[in-house]
Every structure is written in C-alpha cells, then in structure tokens.
Amino acid sequence: MSQRVRKAIFPVAGLGTRVLPATKAIPKEMLTVVDRPVLQHAVDEAREAGIEHFVFVTGRNKAVIEDHFDMSYELEDTLQKRGKTKEYAALMADLPKAGATSFTRQQAPLGLGHAVWCARDIIGDEPFAVILPDMITLPGARKSRCIAQCLEAYEQHGGNIIAVEEVPEDETHLYGVVSVKQDFGATFEIGGMVEKPAKGTAPSNLIISGRYVLEPQIFGILESLEKGAGGEIQLTDGMKKLADMQKFFGVRFDGRTCDTGSKLGFLLANVHFALEREDIAPAFKAELKKIAAKL
Ligand code: UTP
C-alpha cells in the first residue's frame, strides 16, 4: 500500500514576467481571481484533498504571502468589534492550523526543479504533492479538483503521478509533454516525457499541467541536475531520470484548469470562477450576456 501524502509544495518564487507590470510589486500568486488570491485557490484545492502541511518556496518580495496565511490581529479585532461576524468567520476558516505552513526561500529563480529541491528538508523521506499555484482548477463531472484526482491515482497505482491536459498540436512546443505507454482511461502509464519539444516532435498532445505527486528520491536527482531548457533546472528533466527507476502515471483531470500566469488565462480564470459562485454568478451572467451581445 502506498504511503499517505500529507505535504504539498507550492513553488512561488517565479518572477511572473508574463503579467508585468501587475507583478512588479505584488507576487503574481497574490493577484485575485474573484475575491481570493490565486494562491488561496490552490491552497483550498490542497486542503479539500486532505493535504495537511503547506510548504511555500518563496523568493524576494514575496513576504506578503506569509502574511496572508497568518493571523491579521488588527483586522480580525476590528471585524469582531464591528459585528462583522460572517467576514470574521470566513477569515478564520481559511487560516491554516498553527504549524501547518512552512516557508523556505529560493534565493535565485533557477527553475522549477530547483524550487522543488529547496523544500527537500521540509518534506523529508515521504511522498509529496507539487502544486503550481498559477494553474488553478475547477471540478468537472467527478466533482473533485485536480490534486484530489492525482492522490486517488497515487492510491491506485503508487509510483509518481503527473496531471495532464490536452492541447492543440501546434501548442505542444510551449510545455512539458508526456507519451502514453498503457492506457487505463482516466489514468495511464507514462512512456516518456520531454520539456518544450521542438515543433513537430512532441510524442503526444498531453501536456504536464501543474499538479504532481512525487517520491522523495527526486530530491537526490535534482541536486545534481544540469540546467536544461531556458537555462533553468527543469523538474521534467529530474522526473525523466526518476522514470528510469520508478513508474510514472498520468491523470486526465476531468475538470477545468486555468493558467493565471498569462494575461488571457488570468481573465478567463476570473470569468470561470465567478460563474461558479452562487452569490455573484446570476448578476455576472446577465452582464456578460450584455457584453457578448455587442461583440
Ligand atoms: P512559470 O515559468 O510559470 O513562472 O513557473 P514565472 O517564472 O513566475 O512566470 P513568467 O514565465 O516569468 O511569467 C511555474 C511555477 O514555478 C514557480 C513559479 O512561481 C510558478 O508557480 N517557479 C518557477 C519558481 O518557484 N522558481 C523558479 O525558479 C521558476
């Protein structure tokens, strides 16, 4: 039986150059989708899936992320004194338990593989999840979000798990791509993987979409990894090496994934997440229809 996955790494040390100037003074993970920071949506997803410890790999100018997951004494006191009990209760419900968060710093943005490696001592010798917080997800027919489906697959298959998504063939060169060895439907065994394949050389149109469950042996590999695509230490290159020793399985997430790290993805995320919100969806839909009618 596979070990329970208790911890998740959230790499949040990237520079967010695709959404400048918004990210000049504000970490991109703190931009809001509806009324929650992008990162809060990712943490919500992890909590729903039973993750107990949240490990943030931050960088310079990201201190506000720590504050977001801490108490805000003055604010909470004021809310209580003014009788804003609903708002106060909502803040308290979001607050992680004492000791359930860890923060470590990636001193320079050397790549996702390096960011994950920075969390090695906090994770220790147990399987863990990696959640790229700029990709945020909404449930589909199976009513669960992406990391929950990855954890289910991990219970079923063991090994290492990667969530994937289909993209048009002419976009595969922008992503990490996997190939299918044995197909089980919602999940499959991965045959191989490649980071940003040259146009026309991708082994499939299934891209790595920002959720992983990995065995701790990845850390030893990442430690000695050379720089890869884009001059960065790539997690995909580390996983490729681990795949020589351990199995990897893909998960076809049945819900929606929004990439808030790009301008268009960020706008679409706001639309999709707002449409799922009972409190604002009716009024928002009506406004959207008016706009759409004029397009
Ligand atoms: P991205 O490439 O999407 O993030 O990395 P970025 O570098 O912030 O964005 P752009 O391309 O400049 O706009 C995917 C995830 O990995 C993290 C990012 O914070 C993001 O969550 N990351 C990336 C790190 O933590 N460290 C790195 O060195 C690189």
Side-chain angles (χ1 to χ4, degrees), residues 7-33 36-46 54-66 68-69 101-120 122-123 128-137 146-147 162-165 167 171 173-177 193 195-196 207-212 214 218-219 222-223 225-239 257-269:
K7 300 178 185 173
I9 300 177
F10 298 83
V12 287
L15 298 177
T17 53
R18 281 171 294 159
V19 281
L20 276 168
T23 49
K24 194 175 165 194
I26 300 170
K28 72 171 175 179
E29 299 80 10
M30 293 305 291
L31 300 177
T32 51
V33 166
R36 298 169 86 66
V38 167
L39 182 55
Q40 180 74 59
H41 286 289
V43 167
D44 293 345
E45 178 181 335
F54 310 89
V55 182
F56 301 93
V57 181
T58 72
R60 272 184 297 288
N61 305 323
K62 303 263 182 172
V64 65
I65 291 177
E66 269 186 66
H68 180 76
F69 291 102
T101 53
S102 294
F103 297 85
T104 185
R105 276 203 184 196
Q106 185 189 25
Q107 291 147 333
L110 300 179
L112 178 59
H114 182 260
V116 168
W117 178 74
C118 288
R120 66 199 177 281
I122 302 171
I123 299 296
F128 60 96
V130 176
I131 297 180
L132 302 196
D134 40 0
M135 311 293 284
I136 53 176
T137 74
C146 190
I147 200 62
I162 301 177
V164 302
E165 206 184 333
V167 296
E171 288 178 18
H173 65 285
L174 300 169
Y175 304 95
V177 180
M193 50 190 115
E195 185 63 36
K196 299 192 175 69
I207 62 151
I208 299 177
S209 73
R211 302 287 184 270
Y212 315 75
L214 297 171
I218 191 81
F219 293 125
L222 291 173
E223 177 143 18
L225 208 60
E226 303 277 317
K227 286 180 180 169
E232 294 192 335
I233 297 177
Q234 296 288 353
L235 182 61
T236 305
D237 293 342
M239 294 193 299
T257 304
C258 302
D259 179 6
T260 65
S262 75
K263 291 181 183 62
L264 184 62
F266 180 75
L267 293 169
L268 290 174

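Counting convention: from 1, in listed order, for ligands and their atoms alike.
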Do you know which two heavy atoms are closest between [X] and [Y], and how far apart they sit?
| X | Y | value |
| --- | --- | --- |
| P133 | P11 | CD-O, 3.5 Å |
| V19 | T260 | CG1-O, 4.5 Å |
| T257 | S209 | CG2-O, 4.4 Å |

*asked:* Please classify the V12 to ligand 1 contact at 4.0 Å (heavy-atom distances, strictly less than): side chain, backbone, both or neither.
replied: backbone

*asked:* For the aromatic rings, using the six-membered ring if either is Trp, is the centroid distance between F56 and F69 under 6.0 Å?
replied: yes

For [atom], find the nearest protein heavy atom and state the residue, atom name and distance (0.1 Å precision).
| atom | result |
| --- | --- |
| atom 9 (O) of ligand 1 | K28 NZ, 3.2 Å |
| atom 21 (O) of ligand 1 | P11 O, 2.9 Å |
| atom 8 (O) of ligand 1 | G16 N, 2.8 Å |
| atom 25 (O) of ligand 1 | A13 N, 2.9 Å |
| atom 12 (O) of ligand 1 | T17 OG1, 2.6 Å |
| atom 20 (C) of ligand 1 | D134 OD2, 3.7 Å |

*Okay, side chain of R211, backbone of I162: is any donor-acceptor separation there less than 3.5 Å?*
no

[X] N/O under 3.5 Å from ligand 1 N/O:
| X | answer |
| --- | --- |
| A108 | no |
| V19 | no |
| L110 | yes |

*asked:* A quick test of your reading: do over 12 heavy atoms of other residues, nucleotides or ligands sit less than 6.0 Å from CD1 of I122?
replied: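 Buried by this count: over 12 neighbours within 6.0 Å.
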
*T137 and E45: side-chain donor and acceptor closer than 3.5 Å?*
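Yes, because at least one side-chain N or O of T137 sits under 3.5 Å from a partner of the opposite role on E45.
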
*Do any heavy atoms of E232 fall under 4.0 Å from ligand 1?*
no

*In Å, rounded to the nearest 0.5 Å, how long is the span from CG of L112 to CG of L222?*
9.0 Å

*asked:* Nearest 0.5 Å, please: how far is CZ in F266 from OG1 in T32?
replied: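 Reported value, rounded in 0.5 Å steps: 5.5 Å.
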
Atoms of ligand 1 close to [X] [distance to a heavy atom under 4.0 angstrom, numbered from 1]:
| X | answer |
| --- | --- |
| P133 | 21 (O) |
| A115 | 24 (C), 25 (O), 26 (N) |
| P109 | 28 (O) |
| Q106 | 24 (C), 25 (O), 26 (N), 27 (C), 28 (O) |

_Passing candidate, side chain to side chain contact (heavy atoms under 4.5 Å, CB included) with P27, options I65, V38, T58_ = I65

*Given side-chain contact (heavy atoms from CB on, under 4.5 Å), test L214 with F219 step by step and report yes or no.*
CA-CA 10 Å; L214 297 171; F219 293 125; over 6 Å; no

Just go through [options] and tell me whose heavy atom is the nearest to [atom].
| atom | options | answer |
| --- | --- | --- |
| atom 3 (O) of ligand 1 | E29, R18, M135 | R18 |
| atom 7 (O) of ligand 1 | L112, L15, V130 | L15 |
| atom 22 (N) of ligand 1 | G14, G111, P27, G59 | G14 |

